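Read the structure below first, then the notes.
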Amino acid sequence: MGAREGPEQRIPVAPADIFVHPKWRSSCVACGNDIALLKLQRPAVLNTQVQVGGDSGGPLNCQAADGHWEVHGIASFVSGLGCNGPKKPTVFTRVSAFEDWIAEIMSQN
């Protein structure tokens with residue numbers, strides 16, 4: 001294990017706990033289904049330095065009226081020039097389109 005660089009948390013994920021959408025095709029990124037679920041071996045600990053709101057490649061989280069957080073999108077494509085660069089929009093996978101699949105995976109695991 002390398003030296004700690006900051007407030008990061010390393011949380012293992014077993015190979016059997018990686019759930020890639022069954023219709024995902026790496027040979028056809030534009031075909032959709034660009035989503036996977038990871039079951040962490042332990043919960044992440046949120047604090048002043050570790051939050052749900054995100055960096056490039058992370059989720060698009062929105063806080064609901066009652067204060068809980070919901071994932072609304074997952075960064076599918078982010079330009080190397082940064083988020084929403086000129087003529088290089090950030091593309092998100094719409095999580096709500098996969099609610100049934102997510103619920104099924106969570107109920108089984």
Side-chain angles (χ1 to χ4, degrees):
M1 191 180 295
R4 292 184 62 97
E5 296 177 11
E8 69 275 355
Q9 298 173 33
R10 295 177 189 226
I11 303 173
V13 175
D17 290 334
I18 299 172
F19 306 94
V20 177
H21 193 279
K23 293 184 180 176
W24 163 247
R25 300 291 175 260
S26 61
S27 60
C28 183
V29 177
C31 293
N33 303 304
D34 186 8
I35 189 168
L37 297 174
L38 306 176
K39 183 178 179 183
L40 304 179
Q41 290 186 2
R42 65 178 180 277
V45 178
L46 301 181
N47 56 42
T48 58
Q49 295 179 307
V50 177
Q51 298 290 315
V52 296
D55 57 7
S56 176
L60 171 62
N61 296 308
C62 298
Q63 193 167 22
D66 67 1
H68 78 274
W69 287 89
E70 299 175 340
V71 179
H72 285 239
I74 304 166
S76 183
F77 173 80
V78 180
S79 169
L81 301 174
C83 290
N84 291 324
K87 298 184 181 181
K88 302 288 184 187
T90 298
V91 178
F92 289 93
T93 296
R94 184 170 39 98
V95 174
S96 62
F98 299 96
E99 287 178 345
D100 292 341
W101 176 73
I102 292 168
E104 178 184 345
I105 295 297
M106 290 180 69
S107 72
Q108 295 173 1
N109 295 281

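Everything quoted here is computed from the prediction, not taken from an experiment.
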Nearest-0.5 Å distance that lies between atom CD in Glu99 and atom CZ in Arg94: 9.5 Å

Interatomic spacing from CD in Glu104 to CZ in Phe98 - rounded to 0.5 Å: 13.5 Å

Heavy atoms of other groups near Asp100 CG, more than 12 under 6.0 Å: no

Minimal non-hydrogen separation, Arg10 against Arg42, with atom names: O-NH2, 2.7 Å

Side chains of Cys31 and Arg25 in contact at under 4.5 Å (non-hydrogen atoms): no

Non-hydrogen atoms of Pro22 and Trp101 that approach each other most closely: CD-NE1, 3.5 Å

Distance in Å, Lys23 NZ paired with Asn33 CG, rounded so as to fall on 0.5 Å steps: 6.5 Å

Any donor-acceptor pair under 3.5 Å from Asp17 side chain to Val13 backbone: no

Cluster overlap Leu60 with Ile35, hydrophobic side-chain contacts below 4.5 Å: no

Heavy-atom check, side chain of Ile102 versus side chain of Val95, under 4.5 Å: yes

Side chain Gln9, main chain Val45, donor-acceptor under 3.5 Å: yes

Joint cluster assignment, Val20 & Leu40, ILVMFWY side-chain distance < 4.5 Å: yes

Cluster overlap Met106 with Ile74, hydrophobic side-chain contacts below 4.5 Å: yes

